[in-house]
Every structure is written in C-alpha cells, then in structure tokens.
2 protein chains.
Amino acid sequence: MRLSTKGRYAVTAMFDLALHEQDGPVPLTEISTCQTISLSYLEQLFAKLRKKELVVGVRGVGGGYRLGRPAHQISIADILRAVDEKVDVSRAAEDGDPAQALWIEFSEKLYSYLDERTLADCVDRPYVQRITARQDDEHGRGIVVRQDAA
Amino acid sequence: MRLSTKGRYAVTAMFDLALHEQDGPVPLTEISTCQTISLSYLEQLFAKLRKKELVVGVRGVGGGYRLGRPAHQISIADILRAVDEKVDVSRAAEDGDPAQALWIEFSEKLYSYLDERTLADCVDRPYVQRITARQDDEHGRGIVVRQDAA
DNA sequence: TGAATATCCTACCGAAAAAGTTGGTTTTTG
DNA sequence: CAAAAACCAACTTTTTCGGTAGGATATTCA
C-alpha cells in the first residue's frame with residue numbers, strides 16, 4: 001500500500017477526466033498547466049493508467065485522454081494500484097507475528113474502503129456540477145477562476 | 001497524506017506496544033529482532049512518536065516503550081502523521097481547481113476514516129465491534145460509503 | 001562501584017523512489 | 001504542410017527510505 005503525492009497527482013488527474021467526460025478527450029497540456037505538474041511526468045503517469053486500461057488516449061489535434069470505462073467502475077484503489085504497481089500488502093503474512101497479522105487485517109480493510117470509493121462517488125455531487133457547468137459552456141477551459149460569466 | 005513501509009513500520013510497532021501494554025515497557029530490541037527492522041531506524045521512528053507523545057520511553061535495564069495514552073485514544077492517523085510530518089493535505093486549496101477541491105474532500109474523508117480507527121479497534125476486537133456498530137449500521141467490513149451524517 | 005541494558009542523540013551513507021527534463025516519433029486535424 | 005496532441009526513451013535532480021556508526025545518558029542489579 002502506498003499513498004503519496006504521486007497517487008494524488010494520478011487521482012486528481014482522473015477527477016479532471018471524469019469531470020469533463022462529456023466534453024470529449026482532455027489533453028494533458030490542460031491538466032499540466034491547470035495543476036502545475038510537468039507535462040512529461042503526467043505522460044509517464046498516464047502511460048501506466050493506459051496500461052491498466054483506466055484511460056484511453058486519442059491522438060492528433062483535438063485529442064487527449066478519456067476514461068477507459070464508466071466513472072462508477074473506476075475506484076480510487078484502481079488508480080493508486082496503477083501508478084504504484086507495488087501491491088505487496090502481505091510482505092510477511094506467514095511469520096506468525098501478531099502485530100504483522102494485525103497490519104494485514106487493517107490494510108485489507110483500508111483497501112476495501114478505497115475500492116468502494118469510485119470516481120463517480122467523488123465527482124457526482126451538486127456542488128461540483130455547478131462549478132464545472134460554468135466552465136463547460138466555454139470551450140477554452142484554460143484558466144479555472146473566472147471573474148464573470150457573461 | 002502518505003502511506004508507505006515507513007508508516008507500516010510505525011503502525012505495526014505500535015500494535016506491538018498495544019499488545020503488550022500490561023506487561024510493562026517493550027524494548028526496541030525486541031521489536032527489531034521480531035520484525036526484522038534495524039534498531040537505529042526504529043529509534044528514529046520512535047523519536048518522532050515520542051515527540052508527539054504517542055509513546056513514553058523508559059530508560060535503563062528492563063526499560064523500553066509504553067503507549068503515551070490509552071490505546072483507544074490513539075488513531076492510526078495519529079501514528080501516520082507523527083512519522084510523516086507532512087500533513088499538507090491542502091496544498092492548493094484556494095486556486096479553485098475543481099479536481100483539487102475533490103481531492104481535498106476525498107482525503108479529508110480518508111483521514112476521518114483513519115482517525116476513527118484506533119489501536120484499540122485493531123488490537124481489541126470485541127470492544128471495537130461495538131464502536132463500529134455505532135458508526136455504520138452494517139456491521140463487518142466497516143465500509144462507510146455514505147456520508148449523510150451531519 | 002561497575003557491568004549490562006536500554007533510551008537518547010547526531011551525523012552520515014547508499015539505494016531507491018519521486019519528480020522533472022530533454023528530445024524526439026508518430027498520429028490526426030485543418 | 002503545420003500544429004496539436006499522444007507516445008516513447010533516456011537522463012538528471014531532488015527527496016525519502018532504510019541503515020550504519022559512534023556515541024551519551026539513565027537505570028538496574030550483582
């Protein structure tokens with residue numbers, strides 16, 4: 001189990017894709033500038049996400065990335081596992097140490113918790129829908145904070 | 001938020017202390033040999049735990065470490081925060097990016113989940129079943145997907 | 001008193017991971 | 001063709017992880 005800034009980058013990027021799911025593919029340049037992550041680092045993360053089929057790349061002008069499957073079928077744990085590729089929760093399950101056994105028990109609970117949390121759970125809420133609705137009417141999507149919505 | 005082998009070391013060590021709470025202080029040499037972690041690395045971790053008053057050191061022969069307070073008052077999140085000392089969950093809360101906002105929302109839920117899991121919960125099972133039964137109507141896995149509770 | 005046990009403390013080290021950089025190539029659209 | 005984008009690989013820098021080394025201090029017990 002691992003959860004660091006790397007995982008946060010991946011999850012927030014996936015949030016972004018989920019938020020703009022109906023607007024066609026989201027280019028990484030947008031996420032990069034919007035979230036101050038280097039483009040190439042994002043590319044490396046998305047290579048892993050694509051390998052796990054959590055995202056689909058669309059090449060060429062107007063391309064970008066889309067979700068690999070519906071948002072309610074992608075859990076946070078899926079995303080973390082994809083970018084970490086270190087799922088050895090049970091490093092020493094057999095040595096009979098009680099404290100180790102308790103850790104395994106705990107981490108399994110944590111995983112099942114993270115497996116229950118889908119992108120749809122996190123994104124589909126009225127508050128966010130209102131925020132993004134303002135952005136989506138414009139095709140630009142560059143700067144997030146607008147002064148007026150004319 | 002960060003969760004890696006470092007956090008696991010700290011948590012399992014704290015499990016150990018909680019398990020032997022009534023047997024007097026537990027020396028780090030014991031945890032070290034029992035769990036194949038280097039003594040000095042453990043000492044470094046416990047320096048941080050002691051700074052946050054999660055443990056109390058007892059010097060001299062027959063010494064070791066005891067819990068700093070009752071097991072039901074120490075959460076897993078407490079332990080992780082102590083050894084990570086990087087609690088900047090809200091790295092850019094104000095820049096208005098919806099995806100970032102969603103991450104903050106999510107990580108706060110995760111933290112509150114980890115804050116409810118105390119050492120006592122993990123070590124002393126029957127006691128905990130009562131606690132968690134109070135939290136979510138469904139007993140068992142402790143899956144808290146809904147957050148309607150005000 | 002002195003030896004043994006243990007916490008406490010500081011500095012340093014090597015390996016690994018994280019994060020970013022550079023410099024491309026393909027694919028697609030206009 | 002030019003621009004926008006995914007794709008790809010090699011590289012560098014920075015940080016963290018886990019460990020090593022060498023102590024100092026406190027306590028117990030013979």
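The analysis underlying the following values was restricted to heavy atoms, covering all of them including side chains, and did not include hydrogens, waters or symmetry mates. Here is the naming used below: chain letters follow the sequence lines, and residue numbers restart at 1 for every chain.
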Hey, what do you get for CD1 (A/Ile79) to OG1 (A/Thr12), rounding to the nearest 0.5 Å? 9.5 Å
Could you check how far CG of B/Leu45 sits from C1' of C/dC9, rounded to whole Å? 15 Å
Report which part of the nucleic acid A/Tyr65 touches: base, sugar-phosphate, or nothing (heavy-atom distance under 4.0 Å, all strands). sugar-phosphate
Mapping A/Gln44 and B/Arg59 to their closest nucleotides on DNA chain D, which lands nearer the 5' end? A/Gln44
For the pair made of CZ in B/Phe46 and P in C/dT10, what is the distance, rounded to whole Å? 19 Å
For A/Arg50 and C/dT27, give me the distance from atom CZ to atom C1', rounded to whole Å. 13 Å
Heavy-atom side-chain contact between B/Leu54 and B/Gln73 under 4.5 Å: no
How would you label the contact of A/Leu28 with the nucleic acid (heavy atoms, under 4.0 Å): base, sugar-phosphate, or nothing? sugar-phosphate
Can you check the B/Glu30 CD to C/dA6 C1' distance for me, whole Å? 13 Å
Closer to the 5' end of DNA chain D via nearest nucleotide, is it B/Lys6 or A/Ala47? A/Ala47
Taking A/Leu28's backbone N and O only, do any of them form a donor-acceptor pair with A/Ser32's side chain (distance below 3.5 Å, no angle check)? no
Is B/Ser4 close enough to D/dC17 that one of its side-chain N or O atoms is under 4.0 Å from OP1 or OP2 there? yes
Nearest-Å distance for atom pair OH/P, residues B/Tyr41 and C/dA15: 17 Å
Contact nearer the 5' end of DNA chain C, comparing B/Glu43 with A/Ser40: B/Glu43
Counting side-chain heavy atoms from CB outward, which of D/dA6, C/dG20, D/dG19 is closest to A/Pro27? D/dA6
If we ignore hydrogens and angles and just use 3.5 Å, is the side chain of A/Asp78 paired with the main-chain N or O of A/Ser75 as donor and acceptor? yes
Over how many whole Å does the gap from B/Lys51 atom NZ to C/dT7 atom P extend? 17 Å
Report yes or no: does A/Asp121 contribute a side-chain atom to a donor-acceptor pair with the main-chain N or O of A/Thr118 at less than 3.5 Å? yes
Expressed in angstrom and rounded to an integer, what is the separation of B/Leu42 atom CG from C/dC9 atom C1'? 16 Å
Quick one: is A/Arg8 getting a side-chain N or O under 4.0 Å of the C/dA18 phosphate, OP1 or OP2? no
Nearest to the side chain of A/Val61, heavy atoms from C-beta on, is which of C/dT21, C/dT5, C/dT29? C/dT29
Given atom CG of A/Leu3 and atom P of D/dT16, what is their separation to the nearest angstrom? 15 Å
